[in-house]
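The analysis underlying the following values was restricted to heavy atoms, covering all of them including side chains, and did not include hydrogens, waters or symmetry mates. Naming: A, B, ... by sequence-line order, numbering from 1 per chain.
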Amino acid sequence: MSWELSSKQTWLHHVNPSIKLILLVVVFVGLLLIDYIHFHLYFVIGLSFIYFFMTGYSYKWLLLFTLPFIVIFISSFTSMAFFGEGDKTLYQFGLFHITEESLYRGLHLGIRSIIFGLLGLIFALTTKPVSLFYSTMQQYKLKPKIAYSFMAAIRLLPMIAEEVNTLRQAMKVRGVTFSHTISGIYERIRYYAVPILAQSIRRAHRMSIAMEAKQFNGNRGRTYYYQIKYGREDLFFCILLICGITVCYYLQTNFSFLPVERVLH
Amino acid sequence: MKKTKLTLTDILVTIVIAIGFSVIYKLWGPLYSSLSILGLHIDQLIYGMWFMAATVAFLIIRKPGVALLAELAAAQGEFLFGGHWGISLLLYGLVQGLGCELIFAIFRYKSSRIFVMCLAAVGATIGSLWLDLYYGYITELVWWNLTLLIVMRTVGAIIITGFFAFYLVKALEKTGVTNLVRPVNEKHYQALDEEIR
């Protein structure tokens, strides 16, 4: 049984990254403004279908990535269900006051946080950061200065990870301990952050000088090694989302089984 | 003199700091979620960590746009590493960054006092609360619970984003690296003159 994180290339990998991002943000904002609980229920089923069958990763990894969703579902559900406003009391104990309205509102919020998590994972699993930045430079005129800084910063992460490891070992060897008070927490942050930040700033500064020395001026009108274009996969993705939303809307109006339709009044 | 325009160095330093923070943000997620199961908004006390990239980056570089860029970049990083709030991170990053940026703009990017950092923390808190109106329906909470949420988040933000960030950069200044990236000011020119005399 191998635990290597690898995937088959599916058509989702070939969707233009910036189109994918924009469509997902549009879906996100749209969902924020919809409070029909059934719509969200059907939508999460549809998204799980895309997540499990179209991202091209093995199921054990996909299931592993969904583990945090249990926690965010529970936390967003309980914080609304136990302490939400409502008239029809179902259960009351001390500060907890569960009403029918708050229960369904909590359920709605729980489902919604899973939807947003899934949208994020679908994007992150099928998009290489490098192609996202290349695509935003080429299609949406993001300044190369910013895009290349991102790509360089991501490349620096392994070095930062190594430094954190060295720091941890150095502190262990010297027997450094932190108390659990606020000043203890601050000390812990400072002991790690100051050396890491100082090194990162020095490295970034050196790198920018090197880039400028090689005549990188960060302006538009340059050539690119990777050419990222629009393709028919973009159209498929767009159609898939529109069809999904239409189907969810149809199911929501015709097959509702919970006693509430909308969670806001 | 183009003192306020962001150079390649500024952008690169800001984004490197922000991507560093995005790793912390990613690790902060599970901690926050596990605290939130305890209920009563204990988790809100550590929410302020998600605003910290903005104030730290501004304190280091002190130019317009840095706070917003840092917060957006950190959110983008957390999103790309598969942070479990997914797509919502991007919008939260935007409003929190705008909250901080607005406060710095009111002080015309000149002040870096601790009071301004605390105000920026409050600005970011307001930004995140505004999005929570839609994302978490927070107005539908019972009044005492809503008040608790707002108070806890603000207090946590002031401690982490205001105080911690301020003293952290103070400690960082002693290492001398901040001189690499800060714009020169009057004091530096005066020091130069004095040396000549």
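Between Tyr32(B) atom OH and Ile72(A) atom CD1 the span is 10.5 Å, to the nearest 0.5 Å. Once rounded to the nearest 0.5 Å, the distance linking CD1 of Ile201(A) with CD1 of Ile61(B) reads 7.5 Å. With values rounded to the nearest 0.5 angstrom, Ile209(A) atom CD1 is found 8.0 Å from Leu180(B) atom CG. The distance from atom CD of Glu212(A) to atom OG1 of Thr7(B), rounded to the nearest 0.5 Å, is 7.0 Å. Leu31(A) contributes atom CG, which lies 10.5 Å from atom CD1 of Ile87(B) (distance to the nearest 0.5 angstrom). Interatomic distance, Ile182(A) CD1 to Phe163(B) CZ, rounded to the nearest 0.5 Å: 10.0 Å.
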Do any side-chain atoms of residues 147-163 of chain A form donor-acceptor pairs under 3.5 angstrom with protein atoms, and if so which ones, sequence neighbours left out?
from      : atom 1 : to        : atom 2 : distance (Å)
Tyr148(A) : OH     : Arg222(A) : NH2    : 3.4
Ser149(A) : OG     : Lys145(A) : O      : 2.6
Glu163(A) : OE2    : Arg203(A) : NH2    : 2.5

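Looking at Ile160(B), neither its backbone nor its side chain comes within 4.5 Å of chain A, counting heavy atoms on both sides. Looking at Phe69(A), only its side chain comes within 4.5 Å of chain B, counting heavy atoms on both sides. Contact annotation for Leu146(B): neither backbone nor side-chain heavy atoms come within less than 4.5 Å of a heavy atom of chain A. Val169(B) does not touch chain A: none of its heavy atoms, backbone or side chain, sits under 4.5 Å away.
Note on Leu32(A), Leu21(A), Val27(A): by heavy-atom pairs under 4.5 Å with chain B, the leading option is Leu32(A). Ranked by heavy-atom pairs under 4.5 Å with chain B, the first of His97(A), Arg190(A), Arg112(A) is Arg112(A).
Applying the ring-ring contact (aromatic ring centres under 6.0 Å, His included) rule to Tyr191(A) yields the partners Phe178(A); only residues at least two apart in sequence or on another chain are considered. In terms of the ring-ring contact (aromatic ring centres under 6.0 Å, His included) criterion, residue partners of Tyr186(A) (sequence neighbours excluded) are, by chain and number, Phe164(B).
Taking each heavy atom of Tyr137(B) and Asp35(A) in turn, the nearest pair found is OH-CB, 3.4 Å.
For residues 89-114 of chain B, the interface with chain A (any heavy-atom pair closer than 4.5 Å) comprises Leu90(B), Leu91(B), sorted by residue number.
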